[in-house]
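Some notes on the structure that comes next.
Positions are given from 1 along the sequence.
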Amino acid sequence: MKVLVDGAAAPLEAAAAAAARLLEQAHMPLIAGLGTDVEGTRAAIALAERLRGAYDHMHSEFLLRDIDVMRQAGQFVTTPNEARVRADCVVLIGANLTAAWPDMLARLDLANPARFDDEHKPRKIFWLGPSRGEAAAAGAKEIAAASSELPGLLSALRAGVAGHKRRPDAAIDRMLADVAAELKAARFGVVIWSGESVGRLTIEMIYGLLLDLNKTTRFSGLPVSPGANVMGVAQTSGWMTGFPMRTGFGRGYPEHDTWRFEANRMVEAGEADAALWISAYGNEAPRWKRQVPFIAITTPDTRFAYPPKVRIDVGTPGIDHNAVVYAQNLGTLAAIDAENASDALQVAAVVRLIDQSLNENLTKGEGAC
C-alpha cells in the first residue's frame with residue numbers, strides 16, 4: 001500500500017493535509033470515480049458539500065439511463081428473489097449480462113421451474129441480442145441481434161403483443177409473434193437487462209412493453225446494476241441530498257444536473273480545477289485528457305495517464321474490510337463481511353482524514369444530512 005505526495009513516500013497525515021490544501025484552494029473541486037461502499041460515499045458527499053464542489057460516479061451514464069426513463073414514465077420492477085421463485089417466463093435483453101452479473105444464472109435458477117408457480121412447468125426463456133454462448137448457458141431461445149437492432153425488435157414485439165398486423169413471410173416476425181404469444185400467456189413474467197449494454201431508447205421500449213403486458217397479465221423489470229457499487233452510491237446520494245450523483249453544492253445547496261456535473265465534461269471544459277478520484281473496486285483511472293491536478297484514493301494496481309499530486313492506496317469493500325453495498329443478488333443494500341480481511345485503509349477513513357485537515361474556516365453547506 002502506497003501513500004505518496006508528488007511521487008515521494010509520505011506519512012498518511014501529511015498526504016491528507018496536502019490533499020486538503022489542493023482541494024480547498026480550488027474554485028470548483030470535483031469528487032469523481034466514487035467507486036466505494038456506503039460509508040465511503042457518505043464521507044465523500046459530506047466532503048463535496050463542505051468544499052462546495054460536485055460529485056459524480058464512473059458509471060453514472062449507465063445507471064442514469066434507467067433513472068431517466070423512471071423519471072418520465074415510471075417503472076415496473078421486481079427483485080431477483082421474486083424472479084427466481086415466481087417467474088414462469090423470462091426475457092433477457094442485450095449482451096454481456098452474465099459479465100455484469102456473474103451470479104445471475106445461479107441466483108435465478110432458470111433451469112428449474114419457479115417454486116411458487118402453480119403449474120410448475122419449465123420456464124419459458126428468451127434472450128434478445130445475447131453474447132456468444134450466453135443464451136445456451138441460460139437454456140434460452142436465442143434471437144440474435146446487434147445492440148442497435150434491439151429497439152426495432154422490441155417495437156415489433158410490442159406490435160405483436162398488441163395484436164397488430166405483421167409480415168407473415170418474414171422469419172423474424174414469425175419468431176417474434178411466437179414470443180409475443182408466450183409473453184401474453186405468462187402468469188408472472190420478468191424482463192432483465194443492463195443499462196451498461198443497452199441504450200436509453202431500448203430501456204424506454206422495455207418499459208413500454210411491460211406497460212402493454214400488464215394490461216392482461218403480470219410482468220416486471222429487473223435491471224442489472226453496473227459495477228463499482230453505482231446503485232449503492234445512487235441510493236446513498238438520494239437520502240443525503242434528494243438527488244442521485246452528478247450533483248453540486250456550488251451555491252450552498254445540492255443541485256442535480258446530469259450534463260453540468262458530468263465529471264469528464266467538467267474537467268475537459270476547465271470548470272473543475274482540482275479533483276479527488278476514488279476507485280476502491282478495481283484499477284479504474286480517470287478518463288479525462290486535460291491534466292487537472294488530482295488526488296487518487298485507489299487500489300494498488302491502478303495506473304494513471306499522468307501522476308496524481310497525492311496517492312493513497314486503499315482496500316476493496318467486501319474483500320479487505322466489511323462493508324454495506326448494493327447487492328445485486330438481493331436487489332437492496334446489504335452488509336457483507338470481508339472475504340480476506342486486511343489492514344488496508346478504507347476510503348471513508350481517508351476521506352474523513354482529508355476533511356479534518358481542511359481549513360476550519362472553510363464554509364460548510366447545510367443541504368445534505
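Gln75 and Tyr207 are linked by a side-chain donor-acceptor pair at a separation below 3.5 angstrom, with hydrogens and angles left out of the test. Thr302 and Asn283 share no donor-acceptor pair across their side chains, judged by distance under 3.5 Å alone. Side-chain contact check for Ser194 and Ser197: no donor-acceptor pair (N or O, by modelled atom type) lies under 3.5 Å. A side-chain donor-acceptor contact under 3.5 Å links Tyr55 and Ser237. Checking Thr98 against Glu134 by side-chain atom types alone, a donor-acceptor pair falls below 3.5 Å.
Here the shortest heavy-atom pairing between Trp239 and Leu333 reads CZ3-CD1, 3.8 Å. Nearest approach of Gly232 to Tyr326, heavy atoms of both residues: N-CB, 3.5 Å. The two residues Ala15 and Val3 make their nearest non-hydrogen contact at CB-CG1, 3.5 Å. Smallest separation of non-hydrogen atoms from Ala18 and Val5: CB-CG1, 4.1 Å. The nearest pair of heavy atoms linking Asp273 to Val292 is C-CG2, 3.4 Å. Pro226 approaches Phe62 most closely through the heavy-atom pair CG-CB, 3.5 Å.
When the side chains of ILVMFWY residues are joined at heavy-atom separations under 4.5 Å, either directly or via intervening members, Val230 and Ile45 end up in a single hydrophobic cluster. Both Val91 and Val198 are assigned to one and the same hydrophobic cluster, defined by single-linkage of ILVMFWY side chains at heavy-atom distances under 4.5 Å. Residues Val324 and Val314 fall within the same hydrophobic cluster, defined by Ile, Leu, Val, Met, Phe, Trp and Tyr side chains chained together at heavy-atom separations under 4.5 Å. Under a hydrophobic-cluster definition in which Ile, Leu, Val, Met, Phe, Trp and Tyr are linked whenever side-chain heavy atoms come within less than 4.5 Å, directly or via other members, Trp277 and Leu47 are assigned to different clusters. Cluster membership for Phe219 and Ile93, using ILVMFWY side-chain heavy atoms within less than 4.5 angstrom, is shared.
Looking at Asp117, Asp118, Thr217 one by one, the single match for side-chain hydrogen bond (donor to acceptor under 3.5 Å, both in side chains) with Arg187 turns out to be Asp117. With respect to Ser225, the side-chain contact (heavy atoms from CB on, under 4.5 Å) criterion is satisfied by exactly one of Glu196, Met231, His59: Met231.
Taking a 6.0 Å sphere around CZ of Arg132, one finds it holds 12 or fewer heavy atoms contributed by other residues, nucleotides or ligands. Atom NZ of Lys289 is surrounded by 12 or fewer heavy atoms from other residues, nucleotides or ligands within 6.0 Å.
Atoms CZ and CG, from Arg158 and Leu210 in turn, are 9.5 Å apart once rounded to the nearest 0.5 Å. Atom CD of Gln235 sits about 14.0 Å away from atom CE of Met240, to the nearest 0.5 Å. Atom CD of Glu284 is separated from atom OG1 of Thr298 by 11.0 Å, given to the nearest 0.5 angstrom. Taking CG of Leu330 as the start and OG1 of Thr332 as the end, the distance is 7.5 Å to the nearest 0.5 Å. In this structure, Cys89 SG and Lys184 NZ are separated by 13.0 Å, a value rounded to the nearest 0.5 Å. The line from CZ of Arg260 to CG of Asp56 is 13.5 Å long, rounded to the nearest 0.5 Å.
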| message | As a quick check of understanding, evaluate side chain to side chain contact (heavy atoms under 4.5 Å, CB included) for Leu157 and Phe126, giving each step before the final call. | response | CA-CA 12 Å; Leu157 191 55; Phe126 306 95; over 6 Å; no
| message | Is there a side chain to side chain contact (heavy atoms under 4.5 Å, CB included) between Arg107 and Asn81? Walk through the geometry before answering. | response | CA-CA 8 Å; Arg107 176 61 180 169; Asn81 194 51; 3.9 Å; yes
| field | Pair Val191-Leu92, side chain to side chain contact (heavy atoms under 4.5 Å, CB included): steps then yes or no | value | CA-CA 6 Å; Val191 179; Leu92 302 109; over 6 Å; no
| Run the side chain to side chain contact (heavy atoms under 4.5 Å, CB included) check on Ile297 and Ile354 step by step: do they pass? | CA-CA 11 Å; Ile297 301 176; Ile354 294 172; 4.2 Å; yes
| Steps toward ring-ring contact (aromatic ring centres under 6.0 Å, His included) verdict (Phe304, Phe294) | CA-CA 11 Å; Phe304 300 99; Phe294 73 107; 5.5 Å; yes
| Check against salt bridge (Lys or Arg N to Asp or Glu O under 4.0 Å), Arg352 and Glu39 | CA-CA 10 Å; Arg352 286 173 180 146; Glu39 189 178 2; 2.9 Å; yes
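A salt bridge does not link Arg123 to Asp88: none of the charged nitrogens lies less than 4.0 Å from a carboxylate oxygen. For the pair Arg50 and Asp355, the salt-bridge criterion is met [side-chain N within less than 4.0 Å of a carboxylate O]. The pair Arg84-Asp109 fails the salt-bridge criterion, with no side-chain N (NZ, NE, NH1 or NH2) lying under 4.0 Å from an Asp/Glu carboxylate O. With respect to the salt-bridge test (charged N to carboxylate O, under 4.0 angstrom), the residues Asp313 and Arg311 qualify. Salt-bridge check for Glu271 with Arg265: passed, with a basic side-chain N closer than 4.0 Å to an acidic carboxylate O.
Ring pair His256/Phe243 is parallel by interplanar angle, where below 30° counts as parallel and above 60° as perpendicular.
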